[in-house]
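Quick one: the structure is below, questions incoming.
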Amino acid sequence: MEQYAINGGIPLVGEVEIGGAKNAALAILAASVMTDETVLVENMPDVRDTNILLQAMQSIGVHVERLDRHTVKINASSIQTMVIEDDFIKKIRASYYLLGALLGKYKKAAVALPGGCNIGSRPIDQHIKGFKALGANVQIAHGLISTEAEVLKGNHIYLDVASVGATINILMAAAMAEGQTIIENAAKEPHVVDLANFLNSMGANIKGAGTDVIRVRGVQKLHKTEYTIIPDQIEAGTFMFAAAATKGDVTVKSVIPKHLESITAKLIEMGCEVKESDDAVRVVASKPLKNTHVKTTYYPGFPTDMQPQITVTLGLSRGTSIVTESIFENRFRYVDELTRMGASIKVEGNTAIIDGVSKYTGASVTAPDLRAGAALVIAAMAAEGMSVVDDIHYIQRGYEDFDVKLRSLGAQIEKVDSERQLQKFRLKIG
Ligand code: UD1
């Protein structure tokens, strides 16, 4: 089992290149099956989640050609089935994007229901409500969610929660429905906009993505396109908080600074210097960190996917901070691990009350999920002494070459998968 061995206490310094957004990539890869013509997707992150989705697409007959690590050519003209039930599809929730994509194109789809998740219950009622509003039947049986329609007809859909997943699934189905669909209380996250731009580049007619109301005029056919995925807001934010927690000086490059505004604002409140340029953001943490309060919410608010990273950093900031998680109810599971490194954090319901400590100390910890795993790596890099982070397969779901990028910033981190390698790391750090 792979682990990260980390020797902490070294400020991260330097520049790091941010990859394509995982969450945008998942939607865009799924949507690329909506045309029979060849689609070229660039800036695709080479992470476990996108690779699993590509495998699932291949399992139904989609032709996938990897031109290089981050460029993929997709041709879906020879899809043989609209039923996807391979084991690997259950490993990623975003597999359900193939429902909206296949329903839009073929008016029929069935996908193995995504399994449980470590950050709380993840209902899909809004996805189902959307498909039904477009005239589709939806059934859940034997672990499969199936949907089918004679014709898909545009409709007015009001989402009870501004769900990213539901907005994306409905957008895809509506793009090839008859007439106009209006999605109200739509999610505004950058990856929703990226998907809409991608579909529009294939000939769809979608207006208003990035606002609460998205209008879609259905088209009969979508065509080929070449498209570059936006930079990953969360990967960038993770490195920004890693800079802060280690008292470093890091420039994240190839980013869209506007997508990082809520993250930048919090870092400034905490006493960091943040300098923006056209496509880069530099975080300098030369002064002691200060406390602040934060509540996760929908874009443009502070993202829930950055909650563990800011909590870990506030754990090292002077004073008492309060972090409120308003999107997923079970997202503080990593706090017990952090306590073992010396953090003083009390969780009450969806709130964490953090009393800043002057330092963390290295420990063996286990990643409970993707973002919390990355946050524990940040804690370990800030901590005095050596840490081992277990279950890094979660981290690999969404971070490409995390250890390589961190090493390039001066971190002492290595991927190990045996006691011998761990021993070697111990000897190396002395
Ligand atoms: C997406 C992201 C995930 C991020 C989350 C919130 C992807 C692949 N994943 O997840 O990284 O943490 O957005 O920004 O893009 N809800 C319902 N009913 C539904 C759907 C959602 O009640 O049918 C609720 C959820 O329980 C949650 C909230 O809506 O409380 C937001 O969830 P949603 O935006 O759907 O998250 P995902 O799309 O699953």
Side-chain angles (χ1 to χ4, degrees), residues 22-24 26-27 30-31 49 52-53 56 84-85 89-104 109-149 155-174 181-189 191-192 195 212 214 234 295-299 301-308 324-333 347 349-351 368-372 394 397-398:
K22 168 187 82 88
N23 287 346
L26 292 168
D49 275 15
I52 291 174
L53 181 61
I84 309 170
E85 37 181 353
I89 201 70
K90 291 180 210 143
K91 291 190 200 144
I92 54 161
R93 293 191 51 79
S95 52
Y96 59 30
Y97 286 158
L98 288 168
L99 271 180
L102 294 172
L103 177 67
V111 172
L113 258 184
C117 183
N118 291 340
I119 60 172
S121 82
R122 312 269 296 250
I124 53 168
D125 56 303
Q126 300 303 304
H127 304 236
I128 295 173
K129 172 171 147 176
F131 292 153
K132 285 187 172 166
L134 296 174
N137 283 319
V138 183
Q139 272 196 335
I140 298 180
H142 309 297
L144 269 191
I145 173 162
S146 318
T147 177
E148 197 166 354
N155 204 343
H156 206 121
I157 300 165
Y158 180 87
L159 294 180
D160 300 324
V161 283
S163 155
V164 169
T167 304
I168 285 175
N169 245 335
I170 296 167
L171 259 183
M172 292 194 284
T181 298
I182 299 175
I183 310 172
E184 297 216 46
N185 196 26
K188 298 184 286 229
E189 270 65 8
H191 40 295
V192 172
L195 171 73
D212 298 312
I214 304 183
I234 307 299
K295 181 177 177 179
T296 63
T297 184
Y298 304 103
Y299 188 83
F302 194 85
T304 173
D305 285 355
M306 285 300 304
Q307 181 262 98
T324 308
E325 171 57 60
S326 80
I327 308 290
F328 294 114
E329 77 267 24
N330 198 11
R331 221 171 177 174
F332 284 121
R333 288 176 65 241
V347 176
N350 67 343
T351 303
D369 62 69
L370 163 60
R371 304 304 173 184
Y394 284 118
R397 284 186 38 207

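What you see below is based on every heavy atom in this structure, not just the backbone, and it leaves out hydrogens, waters and symmetry mates. We're numbering straight along the sequence, starting at 1. Keep in mind that this is a model prediction, so the values were computed, not measured.
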Q: With sequence neighbours excluded, tell me which residues meet side chain to side chain donor-acceptor pair (under 3.5 Å) with Q139.
A: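 None.
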
Q: Check whether any side-chain heavy atom of E325 lies under 4.5 Å from a side-chain heavy atom of V347, and answer yes or no.
A: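 Counting from C-beta outward, E325 and V347 never come under 4.5 Å.
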
**Q.** Spacing of OG belonging to S95 relative to CG belonging to D49, to within rounding of 0.5 Å
**A.**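 Rounded to the nearest 0.5 Å, the OG-CG separation comes to 9.5 Å.
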
Q) Checking N350 side chain against S326 main chain: does a donor-acceptor pair fall under 3.5 Å? A)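 Checked: no pair found.
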
**Q.** E148 side-chain N/O to N137 backbone N/O, donor-acceptor pair under 3.5 Å
**A.**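 Answer holds: no.
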
Q. Roughly how far, to the nearest 0.5 Å, is the CD1 atom of I214 from the CD1 atom of I170?
A.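 Those atoms lie 9.5 Å apart.
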
Q: For the pair E184 (side chain) and H156 (backbone), establish whether a donor and an acceptor sit closer than 3.5 Å, ignoring hydrogens and angles.
A: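 It does not hold such a pair.
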
(Q) How long is the straight-line distance from OG1 of T304 back to OH of Y298, given to the nearest 0.5 Å? (A)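 If I round to the nearest 0.5 Å, the distance is 10.0 Å.
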
Q: Please identify each residue that fulfils side chain to side chain donor-acceptor pair (under 3.5 Å) with H127, with sequence neighbours left out.
A: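 Side chain to side chain donor-acceptor pair (under 3.5 Å) list for H127, sorted by chain: N169.
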
Q) What are the two closest heavy atoms between A136 and A149, and how far apart are they? A)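 Closest approach of A136 to A149, heavy atoms only: CA-CB, 3.8 Å.
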
Q: Using side-chain contact (heavy atoms from CB on, under 4.5 Å) as the criterion, list what pairs up with T351, not counting sequence neighbours.
A: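 Per chain and number, T351 pairs via side-chain contact (heavy atoms from CB on, under 4.5 Å) with I322, T324, I353.
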
Q: Could I get the full list of side chain to side chain donor-acceptor pair (under 3.5 Å) partners for K132, not counting sequence neighbours?
A: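 Listed in chain order: nothing, the list is empty.
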
Q. Checking R331 side chain against Q307 main chain: does a donor-acceptor pair fall under 3.5 Å?
A.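 It does not hold such a pair.
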
Q | Under the side chain to side chain donor-acceptor pair (under 3.5 Å) test, residues paired with H142 that sit two or more places apart | A |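 Partners of H142 by the side chain to side chain donor-acceptor pair (under 3.5 Å) criterion come out as none, since no residue qualifies.
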
**Q.** G165 to Y96 - nearest heavy-atom pair and separation
**A.**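 Closest approach of G165 to Y96: CA-OH, 4.3 Å.
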
Q. Of the non-hydrogen atoms in G398 and K22, which two are nearest, and what is the gap between them?
A.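 Looking at all heavy atoms of both residues, the shortest contact is CA-CD, 3.7 Å.
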
Q | side-chain contact (heavy atoms from CB on, under 4.5 Å) involving A109 - partner list, sequence neighbours excluded | A |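 side-chain contact (heavy atoms from CB on, under 4.5 Å) list for A109, sorted by chain: L99, L102, T147.
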
Q.
For A133, is there any backbone N or O sitting under 3.5 Å from a side-chain donor or acceptor partner on N155?
A.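 Answer holds: yes.
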
Q: For the pair V138 and I145, evaluate side chain to side chain contact (heavy atoms under 4.5 Å, CB included) and give the outcome as yes or no after the intermediate values.
A: CA-CA 7 Å; V138 183; I145 173 162; 4.0 Å; yes

Q: Determine, stepwise, if the pair N185 / Q126 fulfils side chain to side chain contact (heavy atoms under 4.5 Å, CB included).
A: CA-CA 11 Å; N185 196 26; Q126 300 303 304; over 6 Å; no

(Q) I'd like to check the side-chain contact (heavy atoms from CB on, under 4.5 Å) partners of T181; sequence neighbours left out, ordered by chain and number. (A)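 In terms of side-chain contact (heavy atoms from CB on, under 4.5 Å), with neighbours along the sequence ignored, T181 is linked to L134, I157, A174, I183, V216.
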
Q) Nearest 0.5 Å, what's the OG1-CE distance between T296 and M306? A)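 Going from the OG1 atom of T296 to the CE atom of M306 covers 12.0 Å.
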
Q: Go through the structure and list residues passing side-chain contact (heavy atoms from CB on, under 4.5 Å) with A27, not counting sequence neighbours.
A: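 Y97, I168, L195.
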
Q) More than 12 heavy atoms of other residues, nucleotides or ligands under 6.0 Å from NZ of K295: is that the case? A)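 No.
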
Q) Roughly how far apart are L144 CG and I84 CD1, rounded to 0.5 Å? A)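 It comes to 10.0 Å.
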
Q: Check whether any side-chain heavy atom of N23 sits under 4.5 Å from a side-chain heavy atom of D305, and report yes or no.
A: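 Sidechains of D305 and N23: in contact.
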
Q: Indicate the atoms forming the closest heavy-atom contact of M172 with A31, along with that distance.
A: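 Looking at all heavy atoms of both residues, the closest pair is SD-CB, 3.7 Å.
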
(Q) Please give me the minimum heavy-atom distance between F131 and A173, naming the atom from each residue. (A)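 Looks like CE2-CB, 4.2 Å.
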
Q: State, to 0.1 Å, how close A186 and A162 come at their nearest heavy-atom pair, and which atoms those are.
A: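 The answer is O-CB, 4.0 Å.
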
Q: Check salt bridge (Lys or Arg N to Asp or Glu O under 4.0 Å) between D212 and all other residues, then give those that pass, not counting sequence neighbours.
A: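 K188.
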
Q) How many angstroms lie between atom CZ of F328 and atom CZ of R371, to the nearest 0.5 angstrom? A)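 With rounding to 0.5 Å, CZ (F328) is 11.5 Å from CZ (R371).
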
